[in-house]
Each structure stands twice: as structure tokens, then as C-alpha cells.
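Scroll down for the structure; my scribbles are underneath it.
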Amino acid sequence: MTTTTKKPRTDRFDPAIEPRWREYWQREGIFNAGRRHDAPNRYILEMFPYPSGDLHVGHLKNYVIGDALTRYYVIRGYDVLHPFGWDAFGLPAENAAIKYRRPPREWTYNNIAESKSSLAIAGIMYDWSREVTTCAPDYYRWNQWLFQLLYKKGLAYRAKSLVNWDPVDQTVLANEQVDAEGRSWRSGAKVEKRELEQWFFRITAYAERLLNDLDKLTDWPERVKIMQRNWIGKSEGAEVDFPVAGSNVRMLERSPEGSDESAAMGDEPNVQRGNVQPANEDVIKVFTTRPDTLWGATFMVLAPEHPLVAKLTAPDKRAEVEAYVAKSKLESEIERTSTTKEKTGVFIGAYAINPVNDEPIPIWIADYVLMGYGTGAIMAVPAHDQRDFEFARQFGLPIRLVVQPPGQSVDVDDLTEAWPHDGVMVNSGPLNGVPAGKGEGESVKAAIAWLEERGKGKGTINYRLRDWLISRQRYWGTPIPMIHRQDGSIMPVPEEQLPVVLPEIDDYLPKGKSPLAAAEQWVNVADPETGAPARRDTDTMDTFVDSSWYFLRYTDAQNDEEIFSKAAATRWMPVDQYIGGIEHAILHLLYARFITKVLYDEGLVPDDEPFRALFTQGMVQRRVRTPLESVAPDIVRFPEELRRKVDLPAEAQEIGHARAALKEHSYALEQEPAQSGAEGGDGWVAVSGPVTMSKSAGNGIPVGPFVRQYGSDVARIVVLFAAPPENNMEWTDEGVAGAQRFLNRIVGLFSPDRQAIAGEARGWRLETSPSEHIGTSLQPLASSLTADADKELYRRLNETVKKVTQDTESFRFNTAIAALMSLLNDTVDYRNKAGRVTPVFALLAHTYARLLAPFAPHLAEELHAWFEGQGSIYDAGWPAWDEAALVQEEIEVVLQVNGKVRGKINVPAQADEAQLREWALTNERVLSFIEGKPVRKVIVVPGKLVNVVV
RNA sequence: GCCGGAGUGGCGAAAUGGCAGACGCUACGGUCUUAAAAACCGUUGGGGGCAACCCCGUACGGGUUCGAGUCCCGUCUCCGGCACCA
């Protein structure tokens, strides 16, 4: 694949042309925002990356998509904002710092420099004057300002929260750092839940708006919106107050004689009532989506962490309860929420009073009830909830049917599972006979009305969304700009003292609290009001805070007076097109929407949604070739001579063996590719399926070397053509060769004619009017065309302009490029037959360069220089198709008999229905398939087909 | 378990309800070359036929329609998200 000739060949795409154009674009500021003041705006944005250093071609995909769109809108005459920055705070820098004993800052800025140079080499163009780096004080200053804004608005608060605690390393762990057995990834110690004071953002206050406004986002992928809806997890129901019973209550029991009675008869509940004492002052609030089943609540379950557990536990149960609480504290989230686990729980020796019938019901604790959802307490209705049913069976608790399944009588003893479906209410006092359901006149609404009338509960809405825990006991992040005063109160660092600069420290290892706590000089401050000794908050912010508003900072990145000016935000926001990975479908996008709404409520941004359109691109994958031995031990037995060159037929059996063994590990057996010059493969390797390009998989192709050898334009075509951009795509050598061939063919077609094309163009030069939306029109030439071949090429050109335009705007880059390939094929044929440069061919050449501009920008600019000699192609305007030219004079119409294609005829395009019908019914081939049968019906679709039904 | 999405050649994929497989890759045959590579030309869903052509074919089973890859119902498989969420 490497060319041995040193001189660039004029009939091939030469990557050596690229650096010149990159420098030209940079110098001329072609892609800087604000270049066309009066033109309409576009804000195109790729999710900013964590600066990981050298980029590989997999990283490039995201940027290539954004770059293609940017170039498309620039050539169409828009004023485009296409900025870039770095999500530079975060754990990897800290881990590297711990490992290499160098400041995270140094490591981070080195990586930024490397990544930036990769982007430059690839010719991905940004307005670098707006670069944003989140670890720079002039950025995180505004992060701190934002924190204080939320604090002042009551949206930032401090509360205790359960976190994963590694008792060996004395540190807090993220959920992802705890394995399935609940052990720390680093120390291997059993992780505990520990309660710590943490900072939260009150995102739940925006839950309803975050949910409802999803409907406004018509240009977001449906699945992302669904994921956000699920995450917010709205459910409607009721909050019901269960008073706690005093002493002297008897447990709810099933009466022996009642067990075989049909519960469907609407009898009095077959239970005995205890002697109910007046309730003590404690009330347990319960959230339920099925308040109509209250009459079937036969016990209550609290989360082990529920605050009332300690208080309510009977003295004789205390030891047992405390043991259970301690045990569940040690369990990981994964263990605890495993659905296959058997139900466990402990009776705490206390009773609650069911408010609908004053029955005492026992209170249990169980880990299947989560403190984090609803109120951390449930009423258990075993007949109609599967979890409660399992719990009741496990511990012999009573089950009472209150929803009668339609058309069958049910004995609760025979139930094998709960009945969570519709039916008719029974055993439910005032609700008896009401249909079970959520609609008007149905049980849930009736139950809520009943509760509200009596002050025993109220209809309510519950969200699964939790408040956002933003404090981290970490070094490499934005310091939380708060001061803890002597009296225990907390106050913001005065605004004029911002930023609170992250101090330099030596030891980044967390030790139970933030590493910042060790920076005594930094921590100790004077109380801004009293001058008394006070201490800074030593936690840093979650990096998701940094990334929840960076797109706003781009609109006014140099502003050191405010976070951004309202005018700048109004000019550019919302982002017209946001591009990034699906992995951010929930957290980042939800947080960014939340912060934008907060700023909107402050009157700082013009729109309460940040991203008008969202595109989630697929990843770049590549197969990994590894020595056989490293895949599976059994492959080692593969005879040595077979791992070298082999005689296939003779050794087929062994090879088959190896192949089967490899398949078990999802690998394929392949002969090593021939080394250059050598004949055939000289050994065998195991080849994995396509896996995402990454440093850890070792299958990334570095951007720099690739671009120097093949060219950025080749990389772009590979990535954009191989598959629709939302799909994962496999990077292969064959794909690279195909892209190269495509560009070579373009150069091969136009290069020899460049002077003639430039000369031919003189008379009817394309108009260039950048501010015009539609671009330049192809029409001027149309009327002068006489030859059929010329007319056909002109039609194909217009057809292609239309397709490339529409496909580009709708992210179908693969089909846009396919259309360009197809037109190229036709044009090569045309040029060979014409034998000279005709006006239509020259027009095509000029136009083709423009159509190529979003996808192979360097070559497009080179072609433009050949043909037009001056200026950038991005100021030359985008071609508009000539709609009239798309109409063919003669078209092919398909003839069908009973829906099967039986022939085709060429007819004038204007032929009307009657004519088409006539031609079809007299067509020989059609007649032969009719075979004299009577014609029942003839369907004519003008311009398309005629279907004869017999 | 719940909620989504997707199943089309050897592969990546195309196809406003109207000629299934555009475009590309691979493979095979050919031209050029001492040879190879590159480039160029041709073939490439399956089956049948000397041929003109014919039959079958978009996961599976039904349905709607003159006509279904596309719409509807059911089944299977795969992928993704959530998951003891009361």
C-alpha cells in the first residue's frame, strides 16, 4: 500500500496537499464564529472529551461528523459556531498523579497538547479562540459562581448520605469501583455503607419540567428520551399515614374458620381485631401507587435504614433487628437488589394501624424496601404485589384478596403468585364492587378521594429521580466555594474572592476525607464577616457539574466579568446540533438540561432547553489479532508445524479442531497477512470479533501516523461511508483501500483536465453568494444542452446535488457519499465517451468539488484551487439543484400482472393514465401472462407502473 | 420481570406501500506486466434452462392491499436501557 515513488503522482490523491490547506483555513479564520455577522447562525457542538492524550481514529468519528456538518453550513453561508474544549478534571489525572508522583495539572495539560495536535493534523477545524478548559481557574471560577447561585436559590444543600466506604483505604468509592461481591476494586476489602455529610443539587425540584419538556425535543433520538423518562421515573399514587399502635395490640391473624370461605363474597374481612390502643405520636408515611388495595394491607415493611426503626423496635427484638440492620449495611447494592435472592426480614415487635379499618398490622424491616425511593416504608399487600406475596409466604403472614380477578373465584391459599392485574374490588368496605383501575370512577381515584376526605392520606406523585450528589472527596476538581464557620454554620466565599484556587499538594491519596483537608494553609481562613478562624469546604465538585454548562461558556469564553453575557447566549443558544455518544444519554444530558433551566429561570439564557437537536453516533471497532497461545490454553497444543506454514488438505482436521476451540472463545482462526514482499501468510493468528477501539484493547490506530500516510480525507471517508453514523462501524484495511480508491478516482478524473475545466468555466461561472441560503444555482447552463449524453449527465448532477444536500442535513453521510461515488462512475464513463472537456463536464467538476467539501475537505479545496484559482471553497456557496432538470423526458414504466413484474416499457414522461393502460394491455409480454383470462382491474401509477389484475 | 430497538447477499449496507440488494468490500475471471502490486474491464442472493427466460428469496406464522422488506396481529432471536422503584 505504500508508494515507492517519491514524486507525488498527479493521478492519485496525495495526502501531502493537506497541511497547506489546514494552515490556510486557520490563517484565514474560515471556521471562526462571527465571520458572517448578518448571516443566520448555527451552533454545532461535539461533546467535549476528557483529554486522554494521543487520539486514535476511533476518537475521530465524533469530530469528523461535527466537522462535516460545520463545513456544510459554512459553505452554505451560515455563521457557524463550532468550538472545542476539555473536560479536564477527573479521576484519571489523579490516578496518574498517584502513579507517577507528578501533579495532575502537568499530566492533564500534556494530554491536552497531544490531543489538540492530533485534531490539528486531522484538519478538524474549531474556533480555538473560544477554547474552554475546565481545570483552568478562569473556568472553574464560574463553576463556583454557579454553585453559589444554586445555593442562594436553595437548590444546593448539605445532607447526610450513605456512601460506599472502603475501611482499608479509608476512602469513599464510586458504585462502579465496587464489585459484585461488594469488595473494593483496590483493596479487596468488604465495602461498608457509611453516612457522610454531602452536597446535593436539588434536581428533583425540576423533575416535572425535565420530564414534560422532553416532548419539546423533537430532534432528539426517541430512545434517549425514553431513557430519561425511565430515569425520572414518575409514578402517581398516594401517600398514606399509618399511625403506630400503642401497646396491647394483637397481631392480625387469619381466623381458622374463615380460611376456606370465599373472599369474593364481600363478607366482613375474616380477621380478628385486636384491642386497639390510641396511636402514639409516631406516624409512618407510606407511598403507594395502589391506595385502592389498602384494605388488603396485612403488614408493613420499613427499609433497614428507616429513621423510626431504632425508636419503634421492641426491647426483646432489639438484638435481632440490629443484627439485620448491620448485615444489610454490608451488602452491596447489587447483592441487595438481586431479584433472585430469597426474601429476608425481621419483625421489629411493633404494630401500625391500617387507617382504613383500624386493624393493627405488624411492622417488619426488610432489605427489599429501599430507603431511597418513596418514603422508605411500604404497606404490604401480598395478594396483589409479587414481592409482598413472596415475603408473606416466607414468613407465614396473612394474605387477603381485595381485587377479585374477573371470572374466577380464588382461594388465597391456592395462590401461587400475586394478582397485580385488574378486577373488581372486594373485602374493601366502601370500595366493594368498584372496578379496579386508575381511570375516572375506578378504584384508585375513589380510594384517594376517600383518604383525602378523612385526612388519612393524599394523592401524590413520586419520582425515581434522586437529588444529585455533587461532592467528591477528591483533589482534582473544582473546590466547593464554601466556608464552615466556628458556630457550625456555612457561608459562601464572597464572590469577589472567587475563584477559590485549587492548592498545590503532594499527596493525592484520599484518606477518609478529601486530600485537600491536608492543605492546612489553604483550609484555614478568616471568617469573611467576623474574622474568626474558619475552614474551607474541602470537597470538590463532581465533574458532571463542569460539563453541565460548558456549552454556554463557549458563547462568551473570554468574559471575565460574568459567567457569560446574556447577549452572547442569546445570539447562539440553544445548540442547534449536539453530537456525542449514547453513554451520556442520561446523566450528562439530564444535568445539562437541569442547569440550563436554572439559568433560564435566572433570566440568563433565552431558552430552557440547551440542545435543540441531538445525535448519538456509534463507535469505531476493529478486530484484534493475537497469537494463538494467548487466546486459550488448549490452543497451545496446536502443533507447532501448523502454526507455521501448512499444507491445508493434509492438516485440515487439526485446523478444524483449532477453529472450533477458538470459536468457543469468540475468536476466528486466520492466516497471518503476508508481510510485504513475502509470499503467503507464514503463520496462524487468532482474530477477535470487532471490539471498540481503545487503549486497553490495543486496537486503536493513532491519528498522526495514519493521516500522514493516507490523509485525513481518507480517514473521513472510511468513517462516514462504512455505515450510517449512528451505527457502530468496523475499521478495516479494505475500507481504507476503498476510500483511497474513491479519492484517487476523483483526482484521476479531474486532474488531467484542470486547465480545460478552469477555462471552460469562464463564460458561466457559478455565482457565489455566501449569505444566500439555497446556494448557487446550476440552472444557467441547462438551456444550451442539446446532446442526450449532456442532458443525462446534467440530470444526474442535479439529482446528486439534491440527494447529497438532503442526506447531509439528515445525517445520512453514507448514502450521500454513495451518491457521489455513483455520479463519479457515470462521469468517468461520460468523459471517456466525450473525449474532451464539455461545458456540462466542467460545470460538474466545479459542482463536484463543492459537494465533496463536507466529507473530503482538503481535496475539495484543492479541486477548487485548480478550477477557480482563488478564494476558499467554503466561501463559494453550495449548489442548488435545478428541479426542472430532474424531470426525465422518457421514463421506464414497470408492467405488472397480478403484482409480479412482467415487463418494462419506455414511455414519454407526460404519458397519462389512459395511454399507460392502453400500452400495458397491448404489451406482448403482458398479454402472454394474461393468457386470455378476463382483466378484472388495472392499477395505473403514472410515472411508475401499471398493474394488470386478472 | 418492565420499557425500547433491530432481524435484508459471503460482509458493511440501500430501498416516499410500487423493479429488493443502490454504493462499497470480499471472491472469481480477464486486460496490461518478465512477474507481482496498482490500475482498468467483467461476474458475484439461491435454484433451473443451450437460450429467450422461469421459479424461489428481506427471521418465522398469519392478516390488510391490485401490490408488503416497508402497515397490522402473533411467535422466535439478538441488542440496548431500567430493574425488589412499592
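Throughout, protein chains are lettered first and strands after them, A, B, ... in sequence-line order, and every chain is numbered starting at 1. Below, all heavy atoms of this structure are taken into account, side chains as well, without hydrogens, waters or symmetry copies.
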Check the phosphate of [N] against [X], side-chain N and O only, distance under 4.0 Å to OP1 or OP2. Yes or no?
| X | N | value |
| --- | --- | --- |
| A:Lys904 | B:C19 | no |
| A:Asn814 | B:A14 | yes |
| A:Ser235 | B:A86 | yes |
| A:Arg917 | B:C66 | no |
| A:Asn825 | B:G24 | yes |
| A:Arg223 | B:G81 | no |
| A:Arg466 | B:C85 | no |

Applying salt bridge (charged side-chain N to carboxylate O under 4.0 Å, His left out), name anything that partners [X], two or more places apart in sequence or on another chain.
| X | answer |
| --- | --- |
| A:Lys944 | none |
| A:Arg745 | none |
| A:Asp385 | A:Arg387 |
| A:Glu792 | A:Arg795 |

Applied to residues 816-833 of chain A, the salt bridge (charged side-chain N to carboxylate O under 4.0 Å, His left out) test, sequence neighbours excluded, yields A:Asp753-A:Arg831, A:Arg796-A:Asp826
Under the salt bridge (charged side-chain N to carboxylate O under 4.0 Å, His left out) definition, can you give me all pairs with a residue in residues 807-818 of chain A, not counting sequence neighbours? A:Arg76-A:Glu809, A:Lys803-A:Asp807, A:Asp807-A:Arg812
State whether A:Asp241 and A:Lys456 are salt-bridged, where the test is any N-O pair (Lys NZ or Arg NE/NH1/NH2 against Asp/Glu carboxylate O) under 4.0 Å.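 Between A:Lys456 and A:Asp241 there is no salt bridge, as every charged N stays at least 4.0 Å from the carboxylate O atoms.
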Between A:Arg393 and A:Glu390, does any side-chain N to carboxylate O distance fall below 4.0 Å? no
Taking the six-membered ring for Trp, is the centroid-to-centroid distance between A:Phe395 and A:Trp364 below 6.0 Å?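 Between A:Phe395 and A:Trp364, the centre distance is under 6.0 Å.
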Do any N or O atoms from the side chain of A:Gln386 and from the backbone of A:Ala418 form a donor-acceptor pair under 3.5 angstrom?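 Yes; at least one donor-acceptor contact below 3.5 Å.
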Main-chain N/O of A:Arg290 paired with A:Thr293 side-chain donor or acceptor, under 3.5 Å: yes
Would A:Lys900 count as a cation-pi partner of A:Phe929, with NZ or CZ less than 6.0 Å from the six-membered ring centre and within 45° of the ring normal?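 Cation-pi check for A:Lys900 and A:Phe929: fails.
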Dump the pairs, protein N or O against N or O of nucleotides 31-33 of chain B, anything under 3.5 Å, distances to one decimal.
none

Starting from [atom2] on [N], measure out to [atom1] on [X] and report it in whole angstrom.
| X | N | atom1 | atom2 | result |
| --- | --- | --- | --- | --- |
| A:Arg387 | B:C84 | CZ | P | 9 Å |
| A:Glu390 | B:A86 | CD | P | 16 Å |
| A:Leu824 | B:C40 | CG | P | 10 Å |
| A:Lys285 | B:A86 | NZ | C1' | 17 Å |

Looking at the side chain of A:Lys937, which of B:C66, B:A13, B:A86 is the nearest nucleotide?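 Taking heavy atoms from C-beta onward, the closest nucleotide is B:C66.
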Among B:C19, B:A86, B:C84, the one nearest any side-chain atom of A:Tyr373 is B:A86
Only counting residues at least two apart or in another chain, list the ones meeting side chain to side chain donor-acceptor pair (under 3.5 Å) with A:Ser443.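 Checked A:Ser443 against side chain to side chain donor-acceptor pair (under 3.5 Å); matches are A:Asp292.
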Check RNA chain B against residues 938-949 of chain A and give the residues with a non-hydrogen atom under 4.0 Å, in numerical order.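 Per residue number, the list reads A:Ile939, A:Val941, A:Lys944, A:Leu945, A:Asn947, A:Val949.
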Taking the nucleotide of RNA chain B with the nearest heavy atom to each, does A:Asp388 or A:Glu734 sit closer to the 5' end?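 Comparing both residues, the 5'-ward one is A:Glu734.
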Taking the same atom, P, in B:C55 and in B:G49, what whole-Å distance lies between them?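 It works out to 16 Å between them.
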Does the protein touch nucleotides 41-56 of chain B at the base, only the backbone, or not at all? Give it as B, S and - per nucleotide, heavy atoms under 4.0 Å. -------------SSS
Just to be sure I follow the notation: if a pair is Watson-Crick (purine N1 to pyrimidine N3 plus N6-O4 or O6-N4) or a G-U wobble (N1-O2 and O6-N3), each under 3.5 Å, what dot-bracket string does RNA chain B give, with | for pairs to another strand? (((((((..(((.....[....))).(((((.......))))).((((....))))..(((((..]....))))))))))))....
Using a heavy-atom cut-off of under 4.0 Å over every strand shown, decide if A:Glu730 touches base, sugar-phosphate, or nothing. nothing
Side chain to side chain contact (heavy atoms under 4.5 Å, CB included) partners of A:Tyr591, counting only residues at least two apart: A:Ile203, A:Trp468, A:Phe544, A:Ser548, A:Leu587
